[in-house]
Amino acid sequence: MQTKFFDTDITFLKGVGPEKAELLKKDFSIHTYFDLLHHFPFRYIDRSKIVSIKDAIYQDDYVQIAGTIVSLTETGKQRSKKLIAVFSDGKNQIDLVWFQGVSWVKASIKNKQSYLLFGKIKKYQNQFYIPHPDLQEFNAENSFKKFKPVYSSSEKLSAKGLNSNGFEKIISQLIQQVEGKIEDPFPLDFIQQIQLLPLDEAIHEIHSPDSLENLQKAQYRLKFEELFFLQLELLSRKLINHQKNTSFCFNKIGQYFNDFFSHHMPFELTSDQKKVLREIHNDCKSSFQMNRLLQGDVGSGKTIVAFFTMLLALDNGFQAALMAPTEILVQQHFDNFKEFANVLNLNIAKLSSSTKKKERSSLLSKLESGEIQIIVGTHALIEEQVIFKNLGVVVIDEQHRFGVAQRAKLWHKNKKNPHILVMTATPIPRTLAMTVYGDLDVSIIKELPPGRKPITTVHRFESSRLSVFQFLKEEIAKNRQIYIVYPLIEESEKLDYMNLMEGYESISRAFPLPEYRISIVHGKMKAEDKDFEMQRFIKGETQIMVATTVIEVGVNVPNASVMVIESAERFGLSQLHQLRGRVGRGAEKSYCILMTGNKISKEGKLRLETMTESQDGFKIAEVDLKLRGPGDLLGTQQSGILDLKIADLTKDGEVLSRARTIAIKMLEEDPSLEKKELQKIREKLENKLNNKINWSKIS
Ligand code: ADP
Ligand code: MG
């Protein structure tokens, strides 16, 4: 595009002015002509169809009716003034009602005139009527646009006249002005080869389509362009990363690694675990920084991979850090690693906000001197006072819980970039991974450690509670332990707390002392109390753990064989899957029981069905993505990168794959896009690379 013209501030557009411009900027980030042209309709209304009044009343959408105004009456006074017109299509009649702008409307419409009416039917006290219809004089020569675009607007903008119709007006006016000025970033050859609509046509058609076919072509072109540049950017970042971000070379597999591998491993590694370790080792010995995402379902055995990665650093004379999102998880990793570390004579420490002052300062100085080789911690690790002698690798567990900025800080702990391994137990659908982590290398552990039995998952209604309790008693009689989890949703924290406490009481009644002992853990407890209760359960002193979702992440009690989830319809899919992953870790047959009331939404039902039918985290993530959309799935911290204007990751997987393939090919043939015909693509890419935060550096 010719930048100057398209960069014109939106204030200068006829019909906008400073007040509306301010709102456009605030509500929709529309600052320039370019931005306005990219405010695409979110749906279209087919205006080729004209229906009768009789058929119209059965439709829940906008309709178009041809007819005549047969009478006009004004009623009420001042504020309650309204205008009622009776509209007839020759067979039936319906009231048209205006509550606002009465005098103006009255003056502009004519009795006995034929109109093409456009509006939505409402019902009030068994009477059908159409509020504020759009009327256009109807005669044979009139031609109407087939598809009417519908734009999203805000309340404030609508009040200022920029409702959907208002947007349509200013955009169509702008489109007339840009005629001949739109330059396509793609060269003609490219456009023909992959059969895209040229950009100017696409922009025109998307706002004012002539036919469904053209509209679809326009949508495809714009989606493709958006995803193509996103992929080009991510792939370039990866390329830059691989070529420019040097890091330490871990070329040695030394004594720590070999000793642990040959003598102290508690089990054989699965072939997936071995494969991932090879990938990690290859990265770390390349002299360029590793930026790897390790995806593996709950219980797939990521921890040992993390430990070996740390040993690689130690063997080459560096320190290693592992960061986890909660105190409980840090404790658990620490306990695990401590056992390993002891047999290898390693110096390992733990840092969190509860680390006492004295201990903390001695710990910090040992970190700085290099005496501590491995540190496990919460986000306390990223505080400024934490200084390393030579941090070689950082492992980040349960990555989605950390904000982007937090991770960036840890990154800057060194002059040289440490290697980064990000681990997540929330499998990310392929389309999303390609987009959010398109600049990272991805390793996947698919295969679970041997001996895992599938977890039987059932859905039970409140009415079966007694038999569920009976089943729990049978399991406890076999010396198994049980989780009972209550939802925790921030908006209704108080209610949730009450629910939990009521639940706890009723469970205490159903499972009385001294035969049964119950732990309880929730967010309102002090950290020490929480820990104490957790430990009792971990040690097997209690048989039932009543908890909120604080136990969701990472907790490992192999003897626990039943997970009961109360009000399961209120949980998201990935959360349900995470919770279920807490059981099935030992040799025993495990169960997950989803308890719900009788009323469940359609979406809730789909979630429950997905859970009872599948245990494949990737499959579940795909359904979750469809249900919730990418923003929710990733959390707000990362949704910025998904700020897509037209492409929809839940639906446009194919366009995305194609765009990525073509972008890969382009970069392979011409890595710095030096060919003359690629000049505009290069400029656009450089703009993106310079403007944005460097995502690869902070993932
Ligand atoms: P996650 O990927 O969820 O972090 P963990 O690393 O905690 O999974 O592993 C889950 C359980 O499986 C742990 O008890 C661990 O000791 C065990 N485990 C991991 N790898 C293997 C293996 N190759 N063979 C047998 N058990 C394994
Ligand atoms: Mg884990």
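Just so you know, ligand 1 is whichever comes first in the structure, and atom 1 is the first atom listed for that ligand. Computed from a prediction, not measured in an experiment: that's the story for all the values here.
- Heavy-atom contacts of Glu268 reach the following atoms of ligand 1: 22 (C), 23 (N), 24 (N) (cutoff under 4.0 Å).
- Looking at Gln273 against ligand 1, only its side chain comes within 4.0 Å, counting heavy atoms.
- Between Glu533 atom CD and Ile538 atom CD1 the span is 11.5 Å, to the nearest 0.5 Å.
- Considering backbone and side-chain N/O atoms, Phe267 never comes within less than 3.5 Å of an N/O atom of ligand 1.
- Taking a 6.0 Å sphere around CZ of Phe267, one finds it holds more than 12 heavy atoms contributed by other residues, nucleotides or ligands.
- For ligand 1, the atoms lying closer than 4.0 Å to a non-hydrogen atom of Pro449 are 18 (N), 19 (C), 20 (N), 21 (C), 22 (C), 24 (N), 25 (C), 26 (N), 27 (C).
- Only one option out of Asp441, Thr309, Ile420 pairs with Met290 in a side-chain contact (heavy atoms from CB on, under 4.5 Å); it is Thr309.
- The side chain of Arg452, and not its backbone, has at least one atom closer than 4.0 Å to an atom of ligand 1 (non-hydrogen atoms only; side chain from C-beta on).
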Subject >> Pair Lys619-Glu622, salt bridge (charged side-chain N to carboxylate O under 4.0 Å, His left out): steps then yes or no >> reply: CA-CA 5 Å; Lys619 234 188 227 159; Glu622 293 281 352; over 6 Å; no
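- Taking a 4.0 Å cut-off on heavy atoms, Gly299 registers as neighbouring ligand 1.
- Aromatic rings from Phe537 and Tyr483 are positioned such that their centres are separated by under 6.0 Å.
- Glu447 has no carboxylate O lying under 4.0 Å from a charged side-chain N of Lys275, or vice versa, which leaves the two without a salt bridge.
- Interface atoms of ligand 1 facing Thr270, defined by a heavy-atom separation under 4.0 Å, are 23 (N).
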